[in-house]
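First the structure, in the form of structure tokens, and then the observations on it.
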Amino acid sequence: MKSRAPLAGHRGEADPLNSSKKRAENAQKPGEWGRAWSVDLLSMLAVLFVLCCCPVLPIYYYISCTDYQCELSTPITKLVGGDVTLTQLWQHVPSVTAKAAALYAIWFTFQVILWYLPDVCHYIIPGYRGGVCLGAVTPAGNRLSYGVNGLQAWIISNALFLANAFHFRWFSPTIIVDNYGPLLIMANIMGYSVSIFAMVKAYLFPSFKSDRKFSGNFLYDFLMGIEFNPRIGKWFDFKLFYNGRPGIVAWTIINMSYAWKQYELHGHLTNSMVLVNGLQAIYVVDFFWNEAWYLNTIDMHHDHFGFMLGWGDSVWLPTMYTLQGFFLVFNPVQLSQAAAGGVLFLGLSGYYIFRAVNHQKDSFRRSDGQATVWGSKPKYMKVEYYSSDNKKRQSKLLLSGWWGIARHMNYTGDLMGSLAYCLACGVTHLHPYFYIIFMTILLVHRCVRDEHRCKAKYGSAWDEYTAKVPYRLIPMLF
Ligand code: NDP
């Protein structure tokens, strides 16, 4: 899942923002299959667009819901029509309160404490992989250990929230939605601070010098990151921490807060809110259950840590990934039984495909091609690549099962699930559909840039592979 994050979409391996000419040049150089080494004008414009526009969107969404009932176009049309001035609109931008600052600080500190706790879940939950796990080989040839305990952190955090709601009553379960605006600003302060810190750290005290990349362009490096695996000490890994906590741990808690708020405001809980909470909770639990697998996703083994991940995971993820629940607080939608059943079916089938595809590649790679796929011995291609220390290394590309149908069926499943969350909100507003628009751009873009990276990494063997599996997301179509 992603970072999942915002800009997770732009999290960049094979030079996501760079031109194809540049990529082709890069593709010739052994070992240079990570993110961009140089930046052209088009990339620069994209960087400026992301840095200027993305931070505004969560605030705009917040204003459109709290002041205009989630009518997405209303603030803009009122501004253009002269009904409100920019100054009046600006007055709706939230500011920090002492309460929100304290809440955010407590939440963040709590997540750091949970990060350092040794994992107990892998001792007591059969089939769960946690504790110390190895990541993939980095472009410079390093291989790091990670303390995987996200499931434990999620269980403790969510259990405490529920215990509070039903038993202790330390605070209202609607605390997040009640302090949404100031918390959004706190999340921005965190997002910007960690991105600036990551930039300074990369120059002054990098964790792994040989895995840094400098494009020579300050803004590009700020956005896409310089250090590949920034760490504090041996265990505090910025990428894994920010990707999963505090954002994804909070996702289900934020959704529960929306559900309580809907109940408080309207006196009942709609089936759409239950669906959104349920389907997204499956996605979140899946993420933590498979955190060890996540170490082998593009996010972890190709993306560098900069604004894209630091700000994206701190701000974009907890706000834009939870926008359906926020919408339903203001616009309670009760779906017919047939519509609810359809949304549930779409959401669960999307999840099934997403998980099955990811699982197939993971077990194939972990067993070095020995695990069966759909009951048979898998077909695969042996491929070679160079790490930046110029060592020749080997890998395998799976040709059987889901990976023989299309090259990214996991993204297709993810998109089906994302569409289900949006459809749960009915079809009256554009607001909740931003998510599927964003996810489609994110995953199609991700698919294309991943393939550029794979081409740069594996050379002509990648062309042979794409000839054998010609479609990306939808067989016969794309
Ligand atoms: P994949 O898990 O599809 O990994 C792509 C990598 O897999 C390639 O770079 C290549 O890496 C390897 N690979 C490609 N083809 C094959 C093959 N045939 N056999 C074996 N290995 C192959 O992509 P992601 O890491 O992007 O995504 C992981 C999951 O996370 C997806 O399900 C995606 O939907 C989800 N996600 C969700 C997001 C969200 O925000 N909700 C955001 C991003 C991802 P190598 O160099 O190892 O060969």
Side-chain angles (χ1 to χ4, degrees), residues 1-14 16 33-34 135-139 243 247-248 251 280 283-284 286-287 290-291 293-303 308-309 312-313 316-317 320-321 350-351 353-366 368-369 371 373 378-385 387 393-418 421 435-436 438-458 461-462 464-466 468-469 472-473:
M1 153 178 39
K2 296 171 346 356
S3 199
R4 277 33 349 175
L7 308 179
H10 300 286
R11 301 173 187 188
E13 58 281 0
W33 40 270
V137 179
T138 69
N243 261 319
I248 302 186
W251 190 341
Q280 294 188 348
Y283 195 78
V284 169
D286 175 275
F287 173 81
N290 294 292
E291 200 179 12
W293 153 83
Y294 180 70
L295 298 179
N296 287 309
T297 62
I298 293 176
D299 289 352
M300 287 304 291
H301 69 128
H302 304 303
D303 289 354
M308 198 69 81
L309 290 182
D313 290 324
W316 189 269
L317 195 150
M320 303 311 272
Y321 280 42
Y351 170 71
I353 294 174
F354 163 83
R355 173 51 32 224
V357 182
N358 287 328
H359 176 71
Q360 250 175 23
K361 188 186 85 175
D362 186 45
S363 50
F364 168 75
R365 282 273 171 96
R366 279 200 291 131
D368 197 24
V373 171
K379 289 189 195 140
Y380 59 81
M381 282 174 56
K382 283 188 179 166
V383 284
E384 290 179 338
Y385 67 96
S387 49
R393 297 175 188 263
Q394 299 201 325
S395 190
K396 294 186 174 75
L397 295 175
L398 179 59
L399 295 166
S400 299
W402 292 104
W403 293 85
I405 296 176
R407 302 200 290 272
H408 278 288
M409 284 300 287
N410 47 351
Y411 293 180
T412 312
D414 210 345
L415 288 175
M416 287 164 67
S418 305
Y421 312 153
Y435 188 70
I436 184 65
F438 160 72
M439 284 298 286
T440 306
I441 297 170
L442 185 157
L443 290 176
V444 169
H445 180 235
R446 191 180 179 94
C447 178
V448 171
R449 70 196 170 97
D450 179 49
E451 300 206 344
H452 281 296
R453 190 194 66 84
C454 288
K455 165 80 180 138
K457 183 176 178 181
Y458 298 125
W462 183 255
E464 273 174 52
Y465 167 66
T466 56
K468 287 182 190 319
V469 187
R472 284 172 165 142
L473 293 178

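On a predicted model such as this, the values are computed, not experimentally measured, just so you know. Note: hydrogens, waters and symmetry copies are ignored here, and every other heavy atom, side chains too, is used. Residue numbers count from 1 along this sequence. Numbering of ligands and ligand atoms starts at 1, following listing order.
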Any donor-acceptor N or O pair under 3.5 Å, side chains D286, N290: yes
W293 touching ligand 1 at heavy-atom level, < 4.0 angstrom: yes
Atoms in ligand 1 flagged as close to W403, the criterion being non-hydrogen separation under 4.0 Å: 3 (O), 15 (N), 16 (C), 17 (C), 18 (N)
side-chain contact (heavy atoms from CB on, under 4.5 Å) between M416 and I436, intermediate numbers included: CA-CA 9 Å; M416 287 164 67; I436 184 65; over 6 Å; no
Donor-acceptor contact below 3.5 Å, side chain S400 vs main chain K379: yes
Contact check, Y380 vs ligand 1, heavy-atom distance below 4.0 Å: no
Sub-4.0 Å heavy-atom contact, Y321 with ligand 1: yes
Aromatic plane relationship, W462 with Y465 - under 30° parallel, 30 to 60° tilted, over 60° perpendicular: tilted
Identity of the nearest option to atom 46 (O) of ligand 1, non-hydrogen atoms only, from R355, K468, K457, M320: K457
Minimum heavy-atom distance L398-P378, with the two atoms named: CD1-CB, 3.7 Å
Numbering as shown, the atoms of ligand 1 that approach T297 to under 4.0 Å (heavy-atom distance): 25 (O), 28 (C)
Aromatic plane relationship, W251 with Y321 - under 30° parallel, 30 to 60° tilted, over 60° perpendicular: perpendicular
D414 (side chain) donor-acceptor with N410 (main chain) under 3.5 angstrom: no
Sub-4.5 Å side-chain heavy-atom contact between R446 and H408: no
Min N/O separation L398 to ligand 1 under 3.5 Å: yes
Which of the ligand 1 atoms, numbered from 1, are nearer than 4.0 Å to a heavy atom of D450: 5 (C), 8 (C), 9 (O)
Shortest heavy-atom approach to atom 13 (N) of ligand 1 - which of L443, L397, N410, D414: L397
Atoms of ligand 1 close to H408 [distance to a heavy atom under 4.0 angstrom, numbered from 1]: 3 (O)
Heavy-atom gap K396 to ligand 1 smaller than 4.0 Å: yes
Shortest non-hydrogen separation from M300 to Y294 and the atoms involved: CG-O, 3.3 Å
Side chain, backbone, both or neither: Y283 near ligand 1, heavy atoms under 4.0 Å: side chain
Where ligand 1 meets C454 - atom numbers and elements under 4.0 angstrom, heavy-atom basis: 8 (C), 9 (O), 10 (C)
Element-labelled atoms of ligand 1 that are located less than 4.0 Å from some non-hydrogen atom of R453: 8 (C), 9 (O), 10 (C), 11 (O), 45 (P), 46 (O)
Point-to-point distance, once rounded to the nearest 0.5 Å, from OG of S418 to CZ of F354: 9.5 Å
Atoms of ligand 1, numbered as shown, that sit under 4.0 Å from any heavy atom of Y411: 23 (O), 24 (P), 26 (O), 27 (O), 31 (C), 33 (C), 34 (O)
Candidate pair V373 and W402, rule side-chain contact (heavy atoms from CB on, under 4.5 Å), full reasoning: CA-CA 9 Å; V373 171; W402 292 104; over 6 Å; no
Residue-ligand contact Y458/ligand 1, heavy atom below 4.0 Å: yes
N358 N/O to ligand 1 N/O under 3.5 Å: yes
Interfacing atoms of ligand 1 (cut-off 4.0 Å, heavy-atom, R365): 20 (C), 21 (N), 22 (C), 45 (P), 47 (O), 48 (O)
